[in-house]
Protein chains: 2
Amino acid sequence: MIDPDTRTPRERYRTQVREEIKQHAWTQIAAAGASALSVNAIAKQMGMSGPALYRYFANRDELITELVKDAYRSLADTFRTRAEAGADLGDLAHALRGWALEDPQRYFLVYGTPVPGYQAPEDTTRITSEIMAVLLDACAAEQLPDTPPSPLDPHLAEHRAWAGPHPAPPSALRRALTFWTRLHGELSLELAGHFTGMGFDPAHLYAAETEALTGR
Amino acid sequence: MIDPDTRTPRERYRTQVREEIKQHAWTQIAAAGASALSVNAIAKQMGMSGPALYRYFANRDELITELVKDAYRSLADTFRTRAEAGADLGDLAHALRGWALEDPQRYFLVYGTPVPGYQAPEDTTRITSEIMAVLLDACAAEQLPDTPPSPLDPHLAEHRAWAGPHPAPPSALRRALTFWTRLHGELSLELAGHFTGMGFDPAHLYAAETEALTGR
DNA sequence: CGCGTTCGTTATAAGTTGTAACTACCGCCG
DNA sequence: CGGCGGTAGTTACAACTTATAACGAACGCG
């Protein structure tokens, strides 16, 4: 690997400032969401005048895209780390919720409302497939004893391009997809605050969903 | 009911202009999302200068809030209409997906990324409970023959304030919640475009989830 | 040590939301 | 039917925003 820290002093300073900008951007996003992110405000917080930041990011969208990529990488890293530590599907579910609650706006940056015209850069799709690979590993590793066949299985057997060369059976593909959609459904509503005031504990609902997925 | 159309001509004109403003707002949102909604642009499209719109909406947030309320009402209406026509849980699931695909940005206006500080007005919470009431009716009406008890049930039995005075058993409460979270999970990812390029048909995944919920 | 790249600055353009002040018209009430 | 009040729409302006252009200064490499 190339170590970017041992480049020329100029580049070292450059990445350092870029990182500082992103840090301020994260705190701003955590406070008021990505739509309220202000390039000028970040510059002022850093003690320099507005247009200076455009030396480091071409425009606001590029800054946000960089944050999205970092968020993807963060999720993929936690998943991969847990998987290498021998995590099963339930552990991955637990890790996912922990990662989401750690910074809800970071979760929404990845899985929240998209801008209609926006096209995800190539990097993120590669990271997504990395995440799916970890998920497929976990799903294929522990086969449920009583896995009822689903009419969805033949369809997934024919359209498994998204799984790449992963040798998971259709039932594992289906389980990975339902893992994704169901847990995202619970998390998304919880983080958006749609459960607040309803009285029950979202953690119990999440636990019930993971139990349904892992078979206790 | 009070018929707002037969008020004074001034008020009639007022509501008419308000409706036209909201119409333009919807097309703008459908094109570029709610964050890109521009009050000035709407005014220009309607042939009047910027600040004129502030006679009809106090500010941008009030306009968006009104759109959110309309979106909630629209969803509640389709649910109620279908329920009155004798729809079962599977029909409601189908109606939900139809309503979502009809205008994805409208769906995101209700269930998308929230602004951290935003507090939903009283109206929307009332409409939400109306939606949940329809859902609970459907869940309580058709009991699944083989409903395995869940460790979530006792918790929901204790915290059922959100269900109001609805006489649904805990298993129905749990089924209504999972209906909501699971279908939202699939729809949210589908509408956000996270399935595009993966190859499989989201409709099949959605159908599989509804079948799992309704027991075929 | 000099020279070029890069950084940060100010000035400026073209937007945005929102307020203030003024005008003109519409319609209600006597 | 006429006057008067309230409402609608206008322009002007303030305070923002993103983003570009042009300039000066400093840094570091050869």
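Note on naming: letters A, B, ... go to the chains in the order of the sequence lines (proteins, then strands), and numbering restarts at 1 for each one. All values derive from a computational prediction rather than experimental measurement.
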*Using a distance-only test with no angle check, is there a side-chain donor-acceptor pair under 3.5 angstrom linking B/Trp162 and B/Ser129?*
no
For [X], which contact category applies under a 4.0 Å heavy-atom criterion: base, sugar-phosphate, or nothing?
X       : value
A/Asn40 : base
B/Leu63 : nothing
A/Phe57 : nothing

_Comparing B/Ala52 and A/Val39 on DNA chain D - which has the more 5′ nearest nucleotide_ = B/Ala52
In whole Å, what is the span from the [atom1] atom of [X] to the [atom2] atom of [N]?
X       : N      : atom1 : atom2 : answer
A/Arg14 : C/dT5  : CZ    : C1'   : 12 Å
A/Tyr54 : C/dT12 : OH    : P     : 19 Å
A/Arg55 : C/dT10 : CZ    : P     : 14 Å
A/Lys44 : C/dT10 : NZ    : P     : 12 Å
A/Ile21 : D/dT18 : CD1   : P     : 13 Å
A/Gln16 : C/dC7  : CD    : P     : 13 Å
A/Leu53 : C/dG8  : CG    : P     : 9 Å
A/Arg12 : D/dC27 : CZ    : P     : 16 Å

*Calculate, to the nearest 0.5 Å, the distance between atoms CG and OH belonging to B/Leu187 and B/Tyr107 respectively.*
5.0 Å
*Could you give the distance from CG (A/Leu75) to CG (A/Leu96), rounded to the nearest 0.5 Å?*
6.5 Å
Any side-chain N or O of [X] below 4.0 angstrom from OP1/OP2 of [N]?
X       : N      : value
B/Ser49 : D/dG9  : no
B/Tyr13 : D/dG6  : no
B/Ser38 : C/dT17 : yes
A/Thr8  : D/dG28 : no

*Taking atom NE2 of B/His94 as the centre, report whether more than 12 heavy atoms of other residues, nucleotides or ligands fall under 6.0 Å from it.*
no
As a test of reading the structure: which of [options] is closest to the side chain of [X], going by heavy atoms?
X       : options                : result
B/Arg10 : C/dT16, C/dC26, D/dC27 : C/dC26
B/Pro51 : D/dA8, D/dA12, D/dT17  : D/dA12
A/Met48 : D/dA8, C/dG8, C/dG18   : C/dG8

_Tell me if the aromatic rings of A/Phe200 and B/His155 count as close, with their centers under 6.0 Å from one another._
no
